[in-house]
S.K.: 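Here you go, one structure.
Atoms considered below: every heavy atom in the structure, side chains included; atoms not considered: hydrogens, waters and symmetry mates. This chain uses plain numbering: 1 for the first residue, then up along the sequence. Quick caveat, the model's predicted, so the values are computed rather than measured.
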Amino acid sequence: MIGLRAALVAAAASLVPAPTALPSAAPTPPPHRQVTFDYKTFRAPMVGDESQIDTFTVEFGTMTLTFSPDASVRGTYRPDYARPATVKGKVDHGTLTLQVGGTTFSGRFTRRGFALATSPTQPFTGDRLWGQFVRAP
């Protein structure tokens, strides 16, 4: 019986395609030349216990950022269902700080793009902003 079970498991495993390799990591801006990258974005409020929230706004969009050799950043944030906002910021020792409209986010680059947050005034307040690298136009 054990041999039959092992044979069935092996047969089933042969029908499942092998996992594909993970996509390569998102590029980080080179320090000595200007580059422009596009990101898909996800903006949401910081929350402690999601089950205690009746409703909250999640915003999807795109962001185009130009990184300059002087560590400055400029660009445009385009939410899917709102007006575009100007983005400006800087990169300082691996920390990315962006001002999106009137809101300042700070965080780090990740393997897929960036993860940023506002500085909350109280626990579980403020916003988070994630960007996943799409392409270099």
S.K.: Do you know which two heavy atoms are closest between Trp130 and Ala44, and how far apart they sit?
M.R.: CZ3-CB, 4.3 Å
S.K.: With a 4.5 Å heavy-atom cut-off, do Arg112 and Tyr39 have their side chains touching?
M.R.: no
S.K.: Identify the heavy atoms of Ala85 and Gly101 that sit nearest to each other, and give their distance.
M.R.: CB-N, 4.0 Å
S.K.: For Ser106 and Thr97, which heavy atoms make the closest approach, and how far apart are they?
M.R.: OG-OG1, 3.5 Å
S.K.: Flag the pair Glu59 / Pro79 as yes when at least one side-chain heavy-atom distance between them is below 4.5 Å, and no otherwise.
M.R.: yes
S.K.: I'd like to know whether Val35 forms a side-chain contact (heavy atoms from CB on, under 4.5 Å) with Thr66, so could you lay out the CA-CA distance, the side-chain angles of the two residues, the decisive distance to 0.1 Å, and finally the verdict.
M.R.: CA-CA 6 Å; Val35 294; Thr66 299; over 6 Å; no
S.K.: Is the Phe42-Phe60 ring centre distance short of 6.0 angstrom?
M.R.: yes
S.K.: State, with a plain yes or no, whether a side-chain heavy atom of Arg43 is found less than 4.5 Å away from one of Leu116.
M.R.: no
S.K.: Verify, without hydrogens or angle tests, whether Ser68 (side chain) and Ala71 (backbone) share a donor-acceptor contact under 3.5 angstrom.
M.R.: no
S.K.: May I ask you to test the Thr36-Leu65 pair for a side-chain heavy-atom distance under 4.5 Å?
M.R.: no
S.K.: Show, in sequence, the C-alpha distance, side-chain angles and deciding distance for Tyr77 and Leu98, and conclude whether the side-chain contact (heavy atoms from CB on, under 4.5 Å) test is met.
M.R.: CA-CA 11 Å; Tyr77 173 57; Leu98 298 178; over 6 Å; no
S.K.: Which atoms form the tightest heavy-atom contact between Pro84 and Arg78, and what is the distance?
M.R.: CB-CG, 4.1 Å
S.K.: Decide yes or no for Val73 and Val91: does some side-chain heavy atom of the first lie under 4.5 Å from some side-chain heavy atom of the second?
M.R.: yes
S.K.: Less than 3.5 Å apart, any donor N or O on the side chain of Asp38 or Thr64 sitting next to an acceptor on the other?
M.R.: yes
S.K.: Any side-chain heavy atom of Leu129 within less than 4.5 Å of one from Thr41?
M.R.: yes
S.K.: Step by step, would you call Thr86 with Gln99 a side-chain contact (heavy atoms from CB on, under 4.5 Å)?
M.R.: CA-CA 8 Å; Thr86 299; Gln99 183 173 355; over 6 Å; no
S.K.: So do Lys90 and Leu96 actually touch side chain to side chain, heavy atoms under 4.5 Å?
M.R.: no
S.K.: CE/Met63 to CZ/Phe114 distance, rounded to the nearest 0.5 angstrom?
M.R.: 4.5 Å
